[in-house]
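To start, the structure itself, in structure tokens.
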Amino acid sequence: MKFRPLHDRVVVRRITAEEKTAGGIIIPDTAKEKPMEGEVIAAGPGARNEQGQLVALDVKSGDRVLFGKWSGTEVKIDGEDLLIMKESDIMGIIEGSAAVKKAA
């Protein structure tokens, strides 16, 4: 099944957080917070402005993005847990080497 979001909606796959701390302690699922980082899987064509013109989205498939903790609606598509949210719920795009965490 292929899913295409409408208007200014975006489909995001959460990027899972580390399961171990730097000291090697394994974090159980119940103690983990949901990650606020994800990868855009699909994006709609854009929203219409007051003049009726289509305004394209700033995000595209493959972008790594940050979003709010409670953003979006959780859905299951083809057995995979995904989020559908408006582009305005996305705080920013993570570019290049900024996506890789540096060791302290």
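Treat the numbers as computed from the prediction; the structure is a model and nothing was measured. Any value given below was found using the heavy atoms of this structure, including those in side chains, with hydrogens, waters and symmetry copies removed.
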Nearest 0.5 Å please: distance from the [atom1] atom of [X] over to the [atom2] atom of [Y].
X: T73; Y: L82; atom1: OG1; atom2: CG; value: 12.0 Å
X: I41; Y: R13; atom1: CD1; atom2: CZ; value: 3.5 Å
X: E74; Y: L83; atom1: CD; atom2: CG; value: 5.5 Å
X: H7; Y: L57; atom1: NE2; atom2: CG; value: 11.5 Å
X: R14; Y: M36; atom1: CZ; atom2: CE; value: 9.5 Å

Pair up each side-chain donor or acceptor in residues 85-94 with any protein partner under 3.5 Å, not counting sequence neighbours, and list the distances.
residue: E87; atom: OE2; partner: D58; partner atom: N; Å: 2.6
residue: E87; atom: OE2; partner: V59; partner atom: N; Å: 3.4

F3 vs V75, side-chain contact (heavy atoms from CB on, under 4.5 Å): CA-CA, chis, key distance, verdict: CA-CA 12 Å; F3 181 82; V75 295; over 6 Å; no
Just list the side-chain donor-acceptor pairs under 3.5 Å for residues 45-54, sequence neighbours left out, or say none.
residue: R48; atom: NH1; partner: G52; partner atom: O; Å: 2.9
residue: N49; atom: OD1; partner: Q51; partner atom: N; Å: 3.1
residue: N49; atom: OD1; partner: G52; partner atom: N; Å: 3.1
residue: N49; atom: OD1; partner: Q53; partner atom: N; Å: 2.9
residue: N49; atom: ND2; partner: Q51; partner atom: OE1; Å: 3.4
residue: N49; atom: ND2; partner: Q53; partner atom: OE1; Å: 3.3

Shortest non-hydrogen separation from A43 to S61 and the atoms involved: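 Distance-wise, the nearest heavy atoms are N-OG, 4.5 Å.
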